[in-house]
Amino acid sequence: MTSTPINDRPDGADALASDSYAANAYAHRPAARRPGEHALEDLGFPPSAETVPSSAHAFPDGGTWRTELPSCEGPAVLEAVLAESARLAVPLHRISQGSGVWMLTDAEIIQMVAACDENDIELCLFLGPRGTWDPGAGGRAYLASGPRARGRDQLAQCVEEAERATALGVRCLLVADEGVLWTLHKMRAAGRLPADTTFKVSALVGPVNPASYAVWEQLGGDSLNVPSDLTLAQIAEIRAVSTAPMDFYVETPDDLGGFVRMYEAAELIRCGAPIYLKFGLRNAAPIYPMGRHLNALAVESGRERVRRGRLVLDLLARLGADGGMSPLGSRTPGPLRRFPLAEAAALTT
């Protein structure tokens, strides 16, 4: 996809939403280039060496990248995000939520599923409860253990969340615990969850090396959110051992580091494909767990995440790097490697 440069667009919200803008938003793609390198070379700087290998992998549809809008915490936020996405011509493949299935009523989940289905967008809901909100102190004292399910009770509660969400039509679940993921994967294999359910590994427990990435994949992960402080070389090292889709915050919330890597989006695609570009938001107040008392904040933050996505897409277009996006409505991860599931049959007996 290619984008019309900002200065070439008609002014005003009405013009942004016009049919002519939407039709021409991705025309006239320039030749691919790296930002600023043409000027530096003209000034006598030696060419920048490309030392990080390109990924040889893609999604099953042939695309190398998709988009994700995180922290969409309920129907009101979703409605605002969809409207802003249409206004700014920001294509979305996946919309995810962070407060958890348990923070939504059945009616709210059904409403969100219907809205996403209508717009060919995958809806992904987080499983909870998790250790961050547990009475135990470890979830707050040790950040790495915080999001994990503590004890058999929380493991069982996550299973309950998964069964409830999938019964209401949700087909993507966000997981932050290895044991929860393995349990749900076995349930999926045994027919206890729909076969087309996918599991997204949370950024809260994201793998940071090739071995850990491969382990999360084989435990049942269908897309894996790595931390946004990984270098391009480290991303390429992961790609050398796994084809599992990667989720990557181009702009990271403050509690995950606050990194802003918009200018690296093209290189992230080149080295990390297949990859979901996540449009996060730095300098935004935390909203988890979300409720009506935070509705206005969540809505405005959601709209700004969409605008941040527009900035990323414009940058990719100016650099001639916006080709290769998966068709809208794409959600399958393709064939992935799994640990043996000999035990899975026992779940049905």
Side-chain angles (χ1 to χ4, degrees), residues 1-3 29-68 93 201 203 205-218 221-252 256-280 282 308-309 311-326 333-334 336-337:
M1 293 175 58
T2 321
S3 172
R29 179 180 299 133
R33 62 182 179 85
R34 300 178 71 177
E37 287 294 325
H38 59 293
L40 294 181
E41 291 183 17
D42 288 346
L43 292 171
F45 286 83
S48 176
E50 186 177 287
T51 58
V52 180
S54 299
S55 170
H57 308 300
F59 288 106
D61 53 68
T64 54
W65 60 282
R66 297 173 183 171
T67 60
E68 179 178 344
H93 293 85
V201 175
V205 292
V208 295
N209 63 65
S212 61
Y213 196 94
V215 167
W216 279 100
E217 174 192 356
Q218 294 186 74
D222 296 295
S223 72
L224 288 69
N225 203 140
V226 300
S228 290
D229 64 345
L230 292 188
T231 66
L232 293 173
Q234 289 168 334
I235 290 170
E237 290 167 353
I238 288 173
R239 266 293 157 253
V241 303
S242 174
T243 63
M246 182 179 293
D247 305 337
F248 196 97
Y249 272 105
V250 180
E251 180 172 349
T252 313
L256 291 177
F259 312 110
V260 182
R261 300 182 67 173
M262 290 184 184
Y263 262 101
E264 292 180 89
E267 286 291 278
L268 290 169
I269 294 170
R270 183 181 71 81
C271 302
I275 191 170
Y276 281 86
L277 300 181
K278 292 183 66 174
F279 305 141
R282 184 179 177 175
R308 293 295 220 272
L311 296 178
V312 173
L313 296 174
D314 286 341
L315 184 54
L316 287 173
R318 287 195 296 272
L319 297 177
D322 55 340
M325 188 189 79
S326 286
L336 300 174
R337 294 179 300 170

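Values below: all heavy atoms of this structure, side chains included; hydrogens, waters and symmetry mates excluded. Predicted, not measured: the structure shown is a model, and the values here were computed from it.
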Can any side-chain N or O of [X] pair as donor or acceptor with the backbone N or O of [Y] at less than 3.5 Å?
X: Asn225; Y: Gly206; answer: no
X: Tyr276; Y: His93; answer: no
X: Trp216; Y: Ser223; answer: no
X: Glu251; Y: Met262; answer: no
X: Ser55; Y: Ala273; answer: yes

Applying salt bridge (Lys or Arg N to Asp or Glu O under 4.0 Å), can you list everything that pairs with Arg270, at least two apart in sequence or on another chain? Glu50, Glu267
Please name all residues satisfying salt bridge (Lys or Arg N to Asp or Glu O under 4.0 Å) with Arg282, sequence neighbours left out, ordered by chain then number.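 Residues passing salt bridge (Lys or Arg N to Asp or Glu O under 4.0 Å) with Arg282: Asp254.
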Hey, could you give me the [atom1]/[atom2] distance between [X] and [Y], rounded to the nearest 0.5 Å?
X: Ile269; Y: Arg66; atom1: CD1; atom2: CZ; answer: 13.0 Å
X: Trp65; Y: Met325; atom1: CH2; atom2: CE; answer: 5.5 Å
X: His57; Y: Thr64; atom1: NE2; atom2: OG1; answer: 13.0 Å
X: Arg308; Y: Lys278; atom1: CZ; atom2: NZ; answer: 15.5 Å
X: Ile235; Y: Cys271; atom1: CD1; atom2: SG; answer: 7.0 Å
X: Leu268; Y: Arg261; atom1: CG; atom2: CZ; answer: 5.5 Å

Side chain to side chain, [X] and [Y], heavy atoms closer than 4.5 Å:
X: Leu316; Y: Leu277; result: yes
X: Pro245; Y: Leu336; result: yes
X: Ile238; Y: Leu230; result: yes
X: Leu319; Y: Pro35; result: yes
X: Val215; Y: Pro207; result: no

Exercise: identify the closest heavy-atom pair between [X] and [Y]:
X: Asp61; Y: Gly63; result: OD1-N, 2.8 Å
X: Leu224; Y: Ala244; result: CD1-CB, 4.0 Å
X: Arg239; Y: Gly272; result: NE-O, 2.9 Å
X: Ser242; Y: Tyr213; result: OG-CE2, 3.4 Å
X: Ala58; Y: Gly62; result: CB-O, 3.9 Å
X: Pro30; Y: Arg318; result: CG-O, 3.6 Å

Where at least one partner belongs to residues 37-49, residue pairs that pass salt bridge (charged side-chain N to carboxylate O under 4.0 Å, His left out), sequence neighbours excluded: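 Every candidate salt bridge (charged side-chain N to carboxylate O under 4.0 Å, His left out) pair involving residues 37-49 fails, so no pair, neighbours aside, qualifies.
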